[in-house]
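Read through the structure below, which is laid out as structure tokens, and then see the notes.
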There are 2 protein chains.
Amino acid sequence: MTDSTWQIPRIALAVDLAVLTVRNNALQILLVERGVDPWRGQRALPGGFLANDQEDLDAAAERELAEETGLDISRLYLEQLRAYGAPDRDPRSRVVTVCYVAFVPDLPTPEAGGDAQTAAWVPVQAALDHDTRLAFDHKRIVADAVERVRSKLEYTTLATSFCPPEFTVTDLRQVYETVWGETLDQRNFHRKVTGTAGFLVATGEQATGQGGRPAALYRPGPATTLHPAMLRPTTSANNQPRRIPCAVDA
Amino acid sequence: MTDSTWQIPRIALAVDLAVLTVRNNALQILLVERGVDPWRGQRALPGGFLANDQEDLDAAAERELAEETGLDISRLYLEQLRAYGAPDRDPRSRVVTVCYVAFVPDLPTPEAGGDAQTAAWVPVQAALDHDTRLAFDHKRIVADAVERVRSKLEYTTLATSFCPPEFTVTDLRQVYETVWGETLDQRNFHRKVTGTAGFLVATGEQATGQGGRPAALYRPGPATTLHPAMLRPTTSANNQPRRIPCAVDA
DNA sequence: TCAAAAGTGTTTGGATTACACCCATGG
DNA sequence: CCATGGGTGTAATCCAAACACTTTTGA
């Protein structure tokens, strides 16, 4: 590392987004169709290159998200997933991407991408299917994002990010069930989330009945983390072969 | 995003390391003294720029780690922390850094940096002290790395990464106590770690007595995750103000 | 009145805590 | 024999799973 910074190899830096929502009883991810080579016509994560020298990574992710979804910025959760930098991940030139995951509620205008690209919600099960092809290393990124959201629900209150501004306990439970792909006991779930201080704030209102007893409506509370955590029922993911240096997970 | 990739702004990409060890009953981090401006003479995380167009990020982190510590690559754990890209984090030019955390055992040759820079172990408590100055945004990165290792010990078996090849249950407990800054009940800890299948493998050997009953020696077992987790005693970090978009944590 | 969905009560078992107590070695 | 640290036993407690049961609406 010498004083002459001009000799440093410079690299194209992209910011990509894994925007997740719960929609039609499925965890879905926003994908766009690429209009240019490479991977023209293939589905890819929305994203783009860092706009200018003064743009923060987080700001770039927010900008991309606003461009792609036209979404109210206050109604979402956005955090960095990780950076991906395999040397051959883009055939044109060296591109390192910093990926973000976003959790958004089921949007009124979900398909309307602000960009010229056609954006669409795709169930993650389909996106990760063996027969599905995604551009670049985006299938691996989708897999990492799905694992991130699944574990986040265990120890944070972020499931409310997928819900409308006011929601019932059953709405929230269906988010958990959909993201985890597990059925939860309705009664124990109710006790757990209403008994955790700061998770939910009752509005006093009731949901319009769907044929049964009307459910109380809640807003997200001030708590961000869950103590103790809400654990997935079948968390038998123990005893992998052996940890390796430079593990994939973050 | 057009076909002409040549117009894309290119950015200097660094890879920095937060190398952590447990040493003298303290969680310590490897810092180097910068020999050049900016921040000449200040302590900083070891790291460097991506060497060439064909180097993977993970490989770059491994290379840097080998250069800085001369360490046996098989005896460590390395994972990506996150990318940092505030536009003003380097006064010379735009530099985005991808940071990695490494957990290493107490090394026989801890101070010998392979590079010309003088490397030294610094207790994280001192590195994070309000009066301490670190180069760039490295103090924030150190804080993130410390939080990462603390939470990793809760739900993984990675505490063994800080231990020598063979170790006693007390050695392992002292790793937990040092990283968390909490005292744990020796007897309950013993039951927990020996009762978790795959955490420890008994060698059959005994440690040379220090004046008491000799302790059994163990090697790391095949398990990587802990079910159920080993929770910190005083985990009352609940109910923060409110989650914000673009949270810091990963 | 019945079906459907919301919400409460109760039992039980697993895991953690907080201890008392025994074991094996060095001096 | 005694101090020192290693390791086991046990009761209380907390928490979550399982499931019976009551409440409140729409048809």
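Worth saying up front: this structure is predicted, and the values here are computed from it rather than measured. Every chain is numbered from 1, with letters handed out A, B, ... down the list of sequences.
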inquiry  = Between B:Leu128 and B:Lys139, is the side chain to side chain contact (heavy atoms under 4.5 Å, CB included) condition met? List the steps.
reply    = CA-CA 6 Å; B:Leu128 294 175; B:Lys139 186 181 274 193; 4.0 Å; yes
request  = Five pairs at each end of the helix from C:dT1-D:dA27 to C:dG27-D:dC1: take the axis at both ends and give me the angle between them to 10°.
outcome  = 10°
ask   = Between A:Arg148 and A:Asp144, is the closest basic N to carboxylate O distance under 4.0 Å?
value = no
State, yes or no, whether a side-chain contact exists between [X] and [Y] at a heavy-atom distance under 4.5 Å.
X        : Y        : value
A:Leu172 : A:Phe199 : yes
B:Arg82  : A:Arg82  : no
A:Val22  : A:Asp106 : no

query = B:Arg191: what forms a side chain to side chain donor-acceptor pair (under 3.5 Å) with it, not counting sequence neighbours?
reply = B:Asn188
key: Phosphate OP1/OP2 of C:dA6 contacted by A:Gln186 side-chain N/O (<4.0 Å)   = yes
ask   = A:His190 side chain N/O closer than 4.0 Å to the phosphate oxygens (OP1, OP2) of C:dA6?
value = no
Could I get a table of every N or O pair under 3.5 Å where one atom is in the protein and the other is in nucleotides 23-26 of chain D?
unit_1 : atom_1 : unit_2   : atom_2 : d
D:dT23 : O2     : A:Arg213 : NH1    : 3.1
D:dT24 : O2     : A:Arg213 : N      : 3.3
D:dT25 : O2     : A:Gly211 : O      : 3.4

task = Can you sort out the partners of A:Arg187 under salt bridge (Lys or Arg N to Asp or Glu O under 4.0 Å), two or more places apart, ordered by chain and number?
result = A:Asp185
note = Those residues at least two apart in sequence (or on a different chain) that pass salt bridge (Lys or Arg N to Asp or Glu O under 4.0 Å) with A:Asp129 are none
request  = Sequence neighbours left out, what passes ring-ring contact (aromatic ring centres under 6.0 Å, His included) with B:Phe162? Give chain and number order.
outcome  = B:Phe103
key: Spacing between A:Leu200 atom CG and C:dG7 atom C1', to the nearest angstrom   = 14 Å
Please enumerate all residues that pass side-chain contact (heavy atoms from CB on, under 4.5 Å) together with [X], with sequence neighbours excluded.
X        : result
B:Arg213 : none
A:Thr203 : A:Glu166, A:Glu205, A:Leu217, A:Arg219
A:Ala215 : A:Thr168

request  = Indicate for each nucleotide in nucleotides 12-18 of chain D, in 5' to 3' sequence, whether protein heavy atoms under 4.0 Å reach the base (B), only the sugar-phosphate (S), or nothing (-).
outcome  = ----SBB
message = Expected output is a numbered-order residue list: members of residues 169-183 of chain A with a heavy atom under 4.0 Å from any atom of DNA chain D. What is it?
response = none
query = Any side-chain hydrogen bond (donor to acceptor under 3.5 Å, both in side chains) pairs touching residues 173-182 of chain A, not counting sequence neighbours?
reply = A:Arg173-A:Glu177, A:Glu182-A:Thr234
